[in-house]
Amino acid sequence: MHRLTNKRIILGITGGIAAYKSAELTRVLKGAGADVRVVMTAAATEFITPLTLQALSGHPVHLHLLDTAAEAGMGHIELAKWADLILIAPASADFMARLATGQGDDLLTTLCLATDAPICLAPAMNQAMWRDSSTQHNRTLLESRGVRLFGPGIGEQACGDTGAGRMLEPLELAELASQCFSSGSLSGKTVFITAGPTREPLDPVRYLSNHSSGKMGYALAEAAIEAGARVKLITGPVALTYPDRVECVQVETAQQMLEAALNNLEQCDIFIAAAAVADYRPTAVAEHKIKKGAEEIMELHLVKNPDIVATVANHSERPFTVGFAAETRDLVDYARSKLERKNLDLVIANDVSQQGIGFGSDDNAVTLVSLDSVTSLPQTSKRQLAVRLISEIAKRANAVALNS
Ligand code: PMT
């Protein structure tokens with residue numbers, strides 16, 4: 001269940017007597033380290049109060065699609081992007097039918113349409129309703145679209161019938177949810193990731209730096225952990241919390257980042273350079289604060305920093321090496337030239353001139369450039385993109401390892 005740590009889960013509750021178990025499910029998911037936001041349909045509120053779920057999840061419950069106050073907090077599209085997983089428990093026959101026909105007539109169905117996150121349903125209904133051919137048709141349709149069904153269980157039902165249709169118990173559901181996060185594609189591998197900016201000091205109080213927030217690199221570290229890797233995250237100064245189960249090495253300058261990258265490089269299978277490293281640093285760091293003088297123009301003398309990712313890619317203990325390319329135009333051409341010049345296996349190019357992606361934002365959109373392919377991944381949250389990127393990197397690195 002540790003895979004649920006820091007995971008963002010939307011718990012959808014629809015109308016059914018099993019909704020009383022959703023309170024315990026919220027508690028179990030939170031206990032496993034997940035951040036849970038609850039979304040209830042109107043029918044669900046007839047069975048359990050939003051206040052109970054608010055108290056247990058620690059967040060206001062989302063109830064309406066057209067709620068201006070809720071939209072001002074976290075709008076429904078934002079919520080759909082925020083989620084790592086949508087778990088609907090209980091999922092009624094009516095909800096399954098609406099989801100199967102692609103309806104977006106309330107908040108929960110709309111979230112399901114708008115999200116890229118996996119959707120899991122825990123059906124709960126009378127055994128005859130479950131066996132009904134319409135429900136079974138909807139089930140097949142949903143499964144064919146990648147929706148996962150947890151259960152239902154078999155046994156005595158609240159209405160007195162016995163058969164298939166019981167919602168699985170909260171612990172079982174949490175365990176199944178946690179299994180959604182285990183791809184295992186990097187099982188046994190060690191991954192080094194650089195993240196954030198570097199700071200190149202001018203004097204004791206000033207430095208040269210850039211706007212990297214570290215979000216992309218940290219999301220990659222979390223996704224690599226979920227894929228089973230051992231992760232060393234070499235991070236410049238950022239305002240993010242260290243991901244769980246990751247070895248974090250804090251650095252400030254490019255030279256320190258290089259030193260951390262080369263330390264134990266022989267153990268590294270995959271190196272991912274997401275950091276925005278300063279290309280130059282001041283030739284000298286003043287011992288005392290530089291004073292304002294009479295001159296109108298001040299000249300700074302800079303010297304080139306070592307290229308960390310190129311040093312790694314040309315090392316005798318070379319791992320599978322992935323660089324990023326922050327470009328403002330001709331994305332693929334510049335990425336290809338970086339691939340060749342730095343001797344990389346893969347370049348992940350992002351257009352940092354575009355609003356809403358790149359430096360500092362929660363979203364990104366990238367193009368993967370290798371010697372023989374170009375693949376574009378559309379804009380989504382850095383967290384979701386990172387999962388996709390790790391799966392792409394794992395596939396390519398594992399193929400290289402097999403052929404060598
Ligand atoms: O941190 P965020 O706010 O989430 O933003 C993410 C990001 C935009 C910083 C990230 O997606 C990104 O593009 N990182 C690379 C930024 C960059 O410095 O790109 P570049 O084109 O200048 O460098 C190319 C590659 O060489 C990068 O992998 C970089 O880490 C590496 N490099 C550059 C210079 C240097 N001296 N050493 C390096 O290793």
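Keep in mind that what you see is a predicted model, and the values were worked out from it rather than measured. Both ligands and their constituent atoms are indexed starting at 1 by order of listing.
At a 4.0 Å cut-off, at least one heavy atom of Ala274 sits close enough to ligand 1 to count as contact. Contact annotation: Lys304 has no heavy atom less than 4.0 Å from any atom of ligand 1. The shell of residues lying under 4.0 angstrom from ligand 1, judged by heavy atoms, includes Gly214. Ala349 does not count as a contact of ligand 1, since none of its heavy atoms falls under 4.0 Å from the ligand. Contact annotation: Lys382 has at least one heavy atom less than 4.0 Å from an atom of ligand 1.
Nearest to atom 35 (C) of ligand 1 by heavy-atom distance, out of Thr194, Asp363, Val277, is Val277.
Considering backbone and side-chain atoms together, Lys215 places an N or O closer than 3.5 Å to an N or O of ligand 1. At under 3.5 Å, not a single nitrogen or oxygen of Ser361, backbone or side chain, sits near a nitrogen or oxygen of ligand 1. Considering backbone and side-chain atoms together, Gly196 places no N or O closer than 3.5 Å to any N or O of ligand 1.
Arg98 has a carboxylate O that lies under 4.0 Å from a charged side-chain N of Asp106, or vice versa, which qualifies the two as a salt bridge.
No hydrogens or angles considered: nothing links the side chains of Asp362 and Ser381 as a donor-acceptor pair under 3.5 Å. In the model, His137 has no side-chain atom that pairs as donor or acceptor with a side-chain atom of Asp132 under 3.5 Å. Using a 3.5 Å distance cut-off with no hydrogens or angles, the side chains of Tyr218 and Thr235 do pair a donor with an acceptor. Side chains of Thr101 and Gln103: a donor-acceptor N/O pair is present below 3.5 angstrom, by distance only. With no hydrogens or angles considered, a side-chain donor-acceptor pair links Asp372 and Ser370 at under 3.5 Å. Glu247 and Tyr242 form no side-chain donor-acceptor contact under 3.5 Å, judged by distance and modelled atom types alone.
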Output a table of donor-acceptor pairs, distance under 3.5 Å, between side-chain atoms of residues 9-29 and any protein atom two or more places apart or on a different chain; print 'none' if there are none.
residue, atom, partner, partner atom, Å
Thr14, OG1, Pro90, O, 2.7
Thr14, OG1, Ser92, N, 3.0
Lys21, NZ, Met167, O, 3.2
Lys21, NZ, Glu169, OE2, 2.9
Ser22, OG, Ala19, O, 3.2
Ser22, OG, Ala89, O, 2.8
Glu24, OE1, Arg27, NE, 3.0
Glu24, OE2, Arg27, NH2, 3.0
Thr26, OG1, Ser22, O, 2.7

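The closest protein non-hydrogen atom to atom 22 (O) of ligand 1 is Lys338 NZ, 4.4 Å. When hydrogens are left out, the protein atom nearest atom 1 (O) of ligand 1 is Ser212 OG, 2.6 Å; that is the closest non-hydrogen contact.
In the vicinity of Gly323, heavy-atom distances shorter than 4.0 Å reach the ligand 1 atoms 28 (O). Listed by number with element, the atoms of ligand 1 under 4.0 angstrom from any heavy atom of Met216 are 4 (O), 6 (C), 11 (O).
Sorted by first and then second residue, the salt bridge (charged side-chain N to carboxylate O under 4.0 Å, His left out) pairs involving residues 291-312 (not counting sequence neighbours) are Asp307-Lys342.
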